[in-house]
**Student:** 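Dumping the structure here so I can ask a few things about it.
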Amino acid sequence: MHLLYSLILIVCLSYEVFAAPSGLLRPIRKSKSFRVERVKRSNYVRDGSTALRKAYRKYGITASQMDGGNMDDFEPFFGIFGGFGGNGGNGRQSSSSSSSSSSSDSSTDSDQEGTVTATSVEGGSEFVSPVVIGGQNITLDFDTGSADMWVMNTGLSSSTTKGHETFDPEKSSTFQYVNGEFDISYGDSSYAAGYLGQDTVNIGGAIVKNQVFGLPVEVSSEFIEDTSSNGLVGLSFSSLNSFEPGPQKTFFDNIAAELEEPVFTSRLRSDGVGEYGFGKIDHSLYTGTMANISIDSSAGFWQFDSTQYAVGSGATRDITNVTAAIADTGTTLLLISPDVVEAYYEEVKGSSYSSSVGGYIYPCSVDLPDLTMGMGSSFQAVVPGSVLEYAEVGTNKTSGETMCYGGVQSCSGSDFQIFGDMFLRSYYVVFDKRGPSLGVATHK
Ligand SMILES: *[C@@H]1O[C@H](CO)[C@@H](O)[C@H](O)[C@H]1NC(C)=O
Ligand SMILES: *[C@@H]1O[C@H](CO)[C@@H](O)[C@H](O)[C@H]1NC(C)=O
Ligand SMILES: *[C@@H]1O[C@H](CO)[C@@H](O)[C@H](O)[C@H]1NC(C)=O
Ligand SMILES: *[C@@H]1O[C@H](CO)[C@@H](O)[C@H](O)[C@H]1NC(C)=O
């Protein structure tokens, strides 16, 4: 599985001419309305099955074997896939004990605010943003599905950091090591582990002076190979933080009290460049009314109820298998309850479940129906079918048709549905400590 994964990634990388986004940092914006450059990557072949595997790994999901036949006439572009022999994984580590989080001194400024670009890379499988740590610009992946911040650094071997930006503690006068260590594992095979340090972290003008983050001395191959990102900024609730001896606060928890409003926002966009904001709801960035969805933070996630769905113009139905859901910027796909996925692809002519790529495929020439997902007690989010296509994945040898991998797949085996980037890209989302709650509105 490791070997196959590498092969797939090598193929992917050869399509990608990645330029580290520099000069993407945005100044503090007190005024409304601004435009960001448009970036379109059209020559990239996305690999849906890798995206699904990544999500499964992150949450330690074991894919259940689904019915779907062997489909001898389907030939994936990427050659032989390993399927999903998921050996279970331990799930993410979460430090359940110890409420004694040593709080770091956050900044003393009040009414802080910051905005950074969120740029789609790896063919839309993740969004990355510039973060200044101790004066050094490093491109990181913001992840609302975990609580650890960690960054590739000069303590890693040069073969590990090849093609990556690295943080150099020696070049920062404000950096200090912190007693403790971290070891986060996402499912069975990807992980990062090492020391802890603290430094001034500046995200688009929002500044935390002593943010504690991980300095891995070891990271797994998945992170080494993904040269578009050099670490993560965890933005789930701090209770999921894996740092020892006690959980540390996320960047957001450290700065929330200094913000004009205790919120951060995401506006991920299908055209590739959106942004994350800290400190205020920008009402100029969305249309219509914003829904207010109650969040259950007891498991550490931005978790809400999603109990109903509709496909196309069909009737609203109850979800039967998995009715909890989380908003996760760190997952690519929209992973939903098995009964909903089944009902969805029943409405897609020529679709079928392919065990060779571990997900639903359909002829690319077919238009996907819209998908309505309930969020909270009264909001119905309608995701247009046009944004739910994820990638061309292979050819039907009998019909000659090009087959696509759907952006909607099953969350089978997980305790919750995962509303990843394929969903979030359609919305301006407010992650609000008040409640806590999630504000959701169609973005401009
Ligand atoms: C970080 O980005 C900003 C904005 O583009 C730039 O002014 C600054 O020079 C960069 N700093 C480093 C250390 O690269
Ligand atoms: C989903 O729920 C139905 C009953 O509503 C059940 O028959 C089926 O086995 C469940 N599927 C999964 C994957 O849990
Ligand atoms: C390939 O096309 C044939 C003919 O249209 C169809 O019967 C078969 O189910 C298709 N196979 C897949 C995997 O889509
Ligand atoms: C949702 O409602 C709660 C309680 O009324 C409020 O505190 C919070 O700011 C609202 N959140 C959003 C995102 O609108």
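In this text, all values refer to a predicted model and were calculated from it rather than measured experimentally. Note that ligands are numbered from 1 as they come in the structure, with each ligand's atoms numbered from 1 the same way.
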**Student:** What atoms of ligand 2 come closer than 4.0 angstrom to any heavy atom of P338?
**Tutor:**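 Answer, ordered by atom number: 13 (C).
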**Student:** Please tell me whether F251 and F278 form a close aromatic pair, meaning their ring centres lie under 6.0 Å apart.
**Tutor:**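 Judged by ring-centre distance (under 6.0 Å), F251 and F278 do meet the cut-off.
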**Student:** Under 30°, 30 to 60°, or over 60°: which ring-plane class applies to W302 and F252, parallel, tilted or perpendicular?
**Tutor:**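 Judged by the thresholds at 30° and 60°, the geometry between W302 and F252 is tilted.
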**Student:** Please name the pair of heavy atoms, one in N321 and one in S337, separated by the smallest distance, quoted to 0.1 Å.
**Tutor:**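 Where N321 meets S337 most closely, the heavy atoms are CB-OG, 3.2 Å.
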**Student:** Identify, for atom 7 (O) of ligand 4, the protein heavy atom at the shortest distance, and state residue, atom and that distance.
**Tutor:**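 Sorting protein heavy atoms by distance from atom 7 (O) of ligand 4 puts R434 CB, 3.4 Å first.
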**Student:** Out of all atoms in ligand 4, which are within 4.0 Å of some heavy atom of S437? Include the element for each.
**Tutor:**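 Atoms satisfying the 4.0 Å criterion: 1 (C), 8 (C), 10 (C), 11 (N), 12 (C), 13 (C).
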**Student:** Can you find an N or O of N396 that's nearer than 3.5 Å to an N or O of ligand 3?
**Tutor:**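 N/O-N/O distance below 3.5 Å exists for this pair.
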**Student:** Check for me whether K397 has a heavy atom closer than 4.0 Å to any atom of ligand 3.
**Tutor:**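 Not so, K397 does not reach ligand 3.
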**Student:** Please write down residue, atom name and distance for the protein heavy atom closest to atom 9 (O) of ligand 4.
**Tutor:**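 Going atom by atom, the protein heavy atom closest to atom 9 (O) of ligand 4 ends up being D432 OD2, 3.0 Å.
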**Student:** If you take the centroid of each ring, where Trp contributes its six-membered ring, are F419 and F304 closer together than 6.0 Å?
**Tutor:**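 Centroid separation for F304 and F419: below 6.0 Å.
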**Student:** How about V131 and I138: do any of their side-chain heavy atoms sit closer than 4.5 Å?
**Tutor:**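 Not in contact.
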**Student:** Tell me: protein heavy atom nearest atom 2 (O) of ligand 4, and distance?
**Tutor:**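 Here the nearest protein heavy atom works out to N292 ND2, 2.3 Å.
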**Student:** Quick one: does atom 5 (O) of ligand 4 have a protein heavy atom under 4.0 Å from it?
**Tutor:**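 No, no protein heavy atom sits under 4.0 Å from atom 5 (O) of ligand 4.
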**Student:** Pick one of side chain, backbone, both or neither for how E401 approaches ligand 3, counting any non-hydrogen atom pair under 4.0 Å.
**Tutor:**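 The answer is neither; E401 stays 4.0 Å or more away.
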**Student:** Using a strict 4.0 Å cut-off to heavy atoms of M403, name the atoms of ligand 3 that fall inside it.
**Tutor:**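 Counting atoms of ligand 3 from 1, those under 4.0 Å from M403 are 14 (O).
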**Student:** Could E260 and K280 be called an ion pair, given the rule that one side-chain N must be under 4.0 Å from one carboxylate O?
**Tutor:**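 A salt bridge is absent here (no side-chain N lies under 4.0 Å from a carboxylate O).
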**Student:** So F431 and S266, do their side chains get closer than 4.5 Å, heavy atoms only?
**Tutor:**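 Yes, side chains in contact.
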**Student:** Quick one: which ligand 4 atoms are inside 4.0 Å of a heavy atom on G439?
**Tutor:**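 Matching atoms, with element in brackets: 13 (C).
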**Student:** Considering only residues two or more places apart or on different chains, which pairs with a residue in residues 430-444 satisfy salt bridge (Lys or Arg N to Asp or Glu O under 4.0 Å)?
**Tutor:**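 Non-adjacent pairs meeting salt bridge (Lys or Arg N to Asp or Glu O under 4.0 Å): D253-K433, E261-R434, D432-R434.
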**Student:** Any idea which atoms of ligand 2 are less than 4.0 Å away from a heavy-atom of T320?
**Tutor:**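 What qualifies from ligand 2 is 2 (O), 5 (O).
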**Student:** For N321, take its heavy atoms, then give the atoms of ligand 2 lying under 4.0 Å from any of them.
**Tutor:**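 Reading through ligand 2 atom by atom, the close ones are 1 (C), 2 (O), 3 (C), 8 (C), 10 (C), 11 (N), 12 (C), 14 (O).
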**Student:** Kindly write out the residues that satisfy salt bridge (charged side-chain N to carboxylate O under 4.0 Å, His left out) with R317, not counting sequence neighbours, or none if the list is empty.
**Tutor:**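 With sequence neighbours excluded, R317 shows a salt bridge (charged side-chain N to carboxylate O under 4.0 Å, His left out) to no residue whatsoever.
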